[in-house]
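Below is one structure; the comments refer to it alone.
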Amino acid sequence: MKITICDDSMKDLITLESLLEKYKTLNPNADFQVEKFSNSSQLYEKIQKKELADIYILDILMSKTTGIDLGNEIRRVSSDNAIIYITSSDDFALDAFHIHAVRYLLKPVQANQFFEALDFAFSYAELKKSPMYPIKTKNGLQSVSCSKIEYVENASRMLNVHLTDGSTITSIFIRKSFEEELGELIHNKCFLQVHKSFLINLNHVKKLDGNSIIMSSGANIPVSKKNISNVKRQYLLFVSGQYQ
């Protein structure tokens, strides 16, 4: 595992590094490397290049790029990374919630809370090592990581698989039902069918907006009228489950 910590306070950065060293002593089987940043803008540039860590420990209130900015950029690129927020204010809890941060800790950080957050972050990162989804295309079978799928659309009896990097993979003409063609995706707890022609990845939902869902890319996905209540309930259950 690779852990990145970012705090523009050198004192707090040293404290976090010290806590990580103590965690390593208490958990000798924990295999991880640590990368430190005091300049959040430098980390932002690295994330833009898709040079990602497995776990991020981020301060929120920083003079340049904020921890929320970093979190949004991480989530634009990937949903596989665990984010732990460290902050002196609880004013940004809702923002952290929308980014699907695994923990939100207030300064001064308590060791027991920090270690519990790390335990959960390691479990989260392991869980996010996603299975692959095979797509039959005109150029042959193409497999893509399930975590990279933002949503799947059934259009003119072909599957348009929209990915988090903005690209789309189109299948050949499907002969089975949409549900049958989705295979294991439809049974994956991260995915939810919200319409007869749309399956979404709950990790990439930006917000619920009336009768539709806004995805991280800005795509507006319709929700069938009969399914609105269930979709809202399933989404809230999914999000709350990440905070247990």
S89 and D91 side chains, donor-acceptor separation under 3.5 Å: yes
N203 side chain vs S79 backbone, donor-acceptor pair below 3.5 Å: no
Contact list for residues 197-232, test ring-ring contact (aromatic ring centres under 6.0 Å, His included), sequence neighbours left out: H195-F198
Minimum side-chain heavy-atom gap M62-L70 below 4.5 Å: yes
Side chain to side chain donor-acceptor pair (under 3.5 Å) between E180 and S177, worked out: CA-CA 5 Å; E180 289 176 303; S177 68; 3.2 Å; yes
Heavy-atom check, side chain of L13 versus side chain of S38, under 4.5 Å: yes
Backbone of A93 reached by a side-chain donor or acceptor of Y104 within 3.5 Å: yes
Residue pair D165 / S167, side-chain donor-acceptor N/O under 3.5 Å: yes
Hydrophobic cluster membership, L163 vs M215, 4.5 Å side-chain cutoff: no
Derivation of the side-chain contact (heavy atoms from CB on, under 4.5 Å) call for I5 and L20: CA-CA 10 Å; I5 54 178; L20 282 168; 3.9 Å; yes
Inter-residue atom distance T4.OG1 - N81.CG, 0.5 Å rounding: 9.5 Å
E150 vs N201 side-chain heavy atoms within contact, under 4.5 Å: no
Aromatic plane relationship, H100 with F238 - under 30° parallel, 30 to 60° tilted, over 60° perpendicular: perpendicular
Derivation of the side-chain contact (heavy atoms from CB on, under 4.5 Å) call for Y85 and D95: CA-CA 11 Å; Y85 277 123; D95 295 300; over 6 Å; no
From I135 atom CD1 to M132 atom CE, the distance as rounded to the nearest 0.5 Å: 9.0 Å
Atom pair CG (D59) and OG (S40), whose distance is rounded to the nearest 0.5 Å: 9.0 Å
Spacing of E17 atom CD and I3 atom CD1 [to the nearest 0.5 Å]: 11.5 Å
L192 side chain reached by Y235 side chain, heavy atoms, under 4.5 Å: no
R233 and N230: side chain donor to acceptor below 3.5 Å: yes
Heavy-atom closest pair, residues A30 and Y23: CB-CE2, 4.1 Å
Nearest heavy atoms of S147 and T164, plus distance in Å: O-CG2, 4.2 Å
Residue pair L58 / G67: nearest heavy atoms and the distance that separates them: CD1-O, 4.0 Å
Flag if over 12 foreign heavy atoms under 6.0 Å of CD, E35: yes
From CA spacing to verdict: side-chain contact (heavy atoms from CB on, under 4.5 Å), I83, R75: CA-CA 10 Å; I83 299 174; R75 286 293 175 253; 3.9 Å; yes
Pair N160-T168, side-chain donor/acceptor within less than 3.5 Å: no
Heavy-atom check, side chain of I57 versus side chain of L118, under 4.5 Å: yes
Full working for side-chain contact (heavy atoms from CB on, under 4.5 Å) between I68 and I60: CA-CA 6 Å; I68 297 300; I60 290 183; 4.1 Å; yes
Side chain to side chain contact (heavy atoms under 4.5 Å, CB included) partners of E73, counting only residues at least two apart: Y44, I47, Q48, R76, V77
Note, L159 side chain near F178 side chain (heavy atom, < 4.5 Å): yes
N/O donor-acceptor pair under 3.5 Å between T15 side chain and K11 backbone: yes
Donor-acceptor pair, side chain of S78 and main chain of I74, under 3.5 angstrom: no
Approximate separation, where rounding is to 0.5 Å, of D80 CG and S145 OG: 6.0 Å
Nearest heavy-atom neighbours spanning A125 and M1: CB-CE, 3.6 Å
Cluster link I213 to L236, ILVMFWY, side chain under 4.5 Å: no
D209 side-chain N/O to S212 backbone N/O, donor-acceptor pair under 3.5 Å: no
Residue pair K232 / G210: nearest heavy atoms and the distance that separates them: CE-O, 4.3 Å
Path from I172 to I149 over hydrophobic side-chain contacts below 4.5 Å: no
From CD (E45) to CZ (F37), nearest 0.5 Å: 10.0 Å
Pairwise side-chain contact, K64 with D8, heavy-atom cut-off 4.5 Å (strictly under): no
Salt bridge (Lys or Arg N to Asp or Glu O under 4.0 Å) partners for D12, two or more places apart: K107
Residues T65 and S41: side-chain donor-acceptor under 3.5 angstrom: yes
Chi angles and distances behind the salt bridge (Lys or Arg N to Asp or Glu O under 4.0 Å) call for R103, E116: CA-CA 9 Å; R103 288 295 185 269; E116 186 279 332; 2.8 Å; yes
Heavy-atom side-chain contact between F97 and V239 under 4.5 Å: yes
Geometric cation-pi criterion K24 and F32, 6.0 Å radius, 45° cone: yes
Hphob cluster co-occupancy, F114 + F122, side-chain heavy atoms under 4.5 angstrom: yes
Minimum heavy-atom distance between E179 and K196, given as atom pair plus value: OE2-O, 4.5 Å
Single-linkage hydrophobic cluster V194~V152, side-chain heavy atoms < 4.5 angstrom: no
